[in-house]
**Q** 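Just dropping this structure here.
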Amino acid sequence: MPVPEFFDQGDLVAVLSTQPLGRALDYKAPEGGCHLGAFVEVPLGPRKVLGVVWGRGAGDFDYNKVRSVIRVLDVAPMRDEMRAFLTRAAAYTLTPMPAMLRLGTRAPGLGDPPSMRKVYRRGTGEPDRTTKARTQVLETLKEYGDLSFTLKELAEMAGVTSSVVKGLVKQGVVFEEDSPRDLPFPRLDPELPSKELTADQAAGAAVLAEAVASEQYGTTLLRGVTGSGKTEVYLEAVAAALRAGRQALVLLPEIALTEQFLTRVQERFGAKPAEWHSGATMTERRRIWRMVGQGQAQLVIGARSSLFLPFQNLGLIVVDEEHDTSYKQEEGVFYNARDMAVLRASICGAHVVLASATPSLESWANVEAGKYRRLELTSRFGPAVMPKMGAIDMRGEGLPSDRWVSPTLVGEVNKRLEKGEQAMLFINRRGYAPITLCRACGHQIGCDDCDARMVEHRYLKRLVCHQCGETKPMPEACPSCEAEDRLAPVGPGVERLGEEARALWPKARIAVLSSDMYGSARALKAEIAGIAEGGADIVIGTQLVAKGHNFPNLTLVGVIDADLGLMGSDLRAAERTFQLMRQVAGRAGRAEAPGAALLQTYQPDHPVIRAILAGDEEAFWGAEAKERQQAGVPPYGRMAGIILSGPDVAQVFDAGNLLARQDRALRAVGAEVFGPAPAPIARVRGRHRVRLLVKADKSVPLQEALARWVAQVKLKGDLRLAVDIDPQSFY
Ligand code: ADP
Ligand code: ZN
């Protein structure tokens, strides 16, 4: 029996709620009936909860005892394709449906009626007396007459106090009226002129535009060195979607959501897109969520969770910096936004563009397998060329143990400073020093709740655990032997490097960029914009400067510790190091002045370092692919991680051992289980953590087997089990 599109009053409907229940529950459709997919409020015990009409009721309860839906919310019903997406994403990631639905309803006040606010327009009257301030208000209204300002916005735009505006309201010169708070986003105009594209770019843009116009699912890997104009090219794909009357979503790593980027979009389409990120206010989120659902937001620029917005007619998803690890969410629901973007697009007939200068091996392999198309932008735009790469062999630099900038690098920075150019020193470590050591007893200060060292952050004047975020003041005496004044920082962090740089270049303007040093994303964005405009001579930064920022005057990047990433046992260590170094190097020489990137390394002959220096990416990918193929690991094999955690170490291990022993469901499909082993960070926030790793052939239907297998563990007490399909990190 097909599920009807509409249920009449009293019909049984299955409502999926965000509450952790085993299944959707039956309710009676309310007075007036309800649509399939309707957002509803239903009673659950003594409470009212949010839910979605997921289908026909199961009808296995006494009809007379089934309760009624309380009300249907005033928002567009969830579309079939969204329900299909959530269902398939849940099946792939082995996430319970309620948790999946929570991702799809992350907007506050969904059930509230649209609230109103006061807006101000030009009225008919004339002021009794003209003042400079009043004239400014009138001119602002004249110039931007079609916008509806709030009191604060109008006063700000006019550069007057709000009492001036209120005075004009009294005289009828300005009208005050009520308007719904959730306003549609301004129309974007795809017909505005784009930049004049190079032949390379234009060819790429045409291919993408055609793919989008076909309204068929497909994925294109857009590969091009940093600065080759990938953004310009995919904005043309966005234009094609808008022309077709469809919506577009551009996913960016959270940190790359910059003013710079939004301004570029605004320049291309004449208005600002919707911007979805962790710093968005509740009001903004609600507005975006509703407008996206009504088709009144044509373009969303967002962090990974924007993938779960209720698009009405999605025609394009761009995943910029597709290799970026921040697309993988590793708490709550474990998912990779890049992969889920492909899933979502395949359901709604949208095109996917994966853009990167250094694609993930997964995407590279999907191209090789013929699943994705590949587009190349081979040269940098305009006169800019790829930076020259070089190594500084640290074995010959004779640096004292508490200094990190080699004499060779100092000399190179000096040359840039003399020419009035910018230099960047990169180190991928936050804080002042990774280790605080007692020189009297050898004790290293660790976190009370995690198996991790605490990292000194001088800027915050505290020790910080990078696992759980716990902080404590820097003690005066060693917590172990109580010796005073013997605690010493060991190793460099970005703040300490800043200190060294200030000593080396006392006259230079030095900016230290680390995510934890700025109170807000906005403050950080402002700082970055200032640097791009020449507000610093030397930029010192962590990973966040490697991502997508444009510093036109930067001509030298010095990587302080190129070996850092090579030491882990992570299967992607080589790939990560390769990508990060290429990205960082790509910061240099974006405008007219040619750039150089210098890697300080103690292993200049390491194969990865050599591949980075040679800039031979195909060779690197080829070699890396071969190794992974031989080892049968992703992307040539399948993996899943199981993380068991709980306050009692014995209980956690017992559960792990039980799983390892009772692996019949896995063996049946030829999958193997490894572990249990203490997770590399064996205790986080006071919870002991044990990992198991499952490996299988690429062709194996792993999820079903995993589901049957993990169901054997009864999650008693505070024991928790998380399944991580395609794990990225092994912490
Ligand atoms: P990518 O995304 O590959 O790093 P961008 O699209 O950011 O490259 O381009 C790098 C810089 O070059 C940007 O400042 C961009 O505006 C500029 N640029 C790229 N292509 C063109 C073009 N055809 N005309 C004018 N400026 C361009
Ligand atoms: Zn901790």
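Note: hydrogens, waters and symmetry copies are ignored here, and every other heavy atom, side chains too, is used. Both ligands and their constituent atoms are indexed starting at 1 by order of listing.
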**Q** Taking the minimum heavy-atom distance to atom 8 (O) of ligand 1, which of S356, A357, A355, G229 ranks first?
**A**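 It is G229 that holds the nearest heavy atom.
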
**Q** Near V225, which atoms of ligand 1 are under 4.0 Å from a heavy atom of that residue?
**A**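 Going through ligand 1 atom by atom, the ones under 4.0 Å from V225 are 3 (O).
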
**Q** Report the residues that fulfil salt bridge (Lys or Arg N to Asp or Glu O under 4.0 Å) with D537, sequence neighbours left out, ordered by chain and then residue number.
**A**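 For D537, the residues satisfying salt bridge (Lys or Arg N to Asp or Glu O under 4.0 Å) (neighbours in sequence not counted) are R509.
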
**Q** Looking at ligand 1, does any of its N/O atoms fall within less than 3.5 Å of an N/O of G224?
**A** no

**Q** What atoms of ligand 1 come closer than 4.0 angstrom to any heavy atom of K230?
**A** 1 (P), 2 (O), 3 (O), 4 (O), 6 (O), 8 (O)

**Q** Taking side chain to side chain donor-acceptor pair (under 3.5 Å) as the test, write out the residues that go with E376, two or more places apart.
**A** R223, R374

**Q** Decide, yes or no, whether a salt bridge links R338 with D324 under the criterion of side-chain N to carboxylate O below 4.0 Å.
**A** no

**Q** Could you check whether any side-chain N or O of H351 sits under 3.5 Å from a backbone N or O of G218, counting only pairs where one atom can act as donor and the other as acceptor?
**A** yes

**Q** Do the charged groups of R628 and E624 touch, with an N to O distance under 4.0 Å?
**A** yes

**Q** Can you list the ligand 1 atoms lying under 4.0 Å from a non-hydrogen atom of E196?
**A** 22 (C), 23 (N), 24 (N)

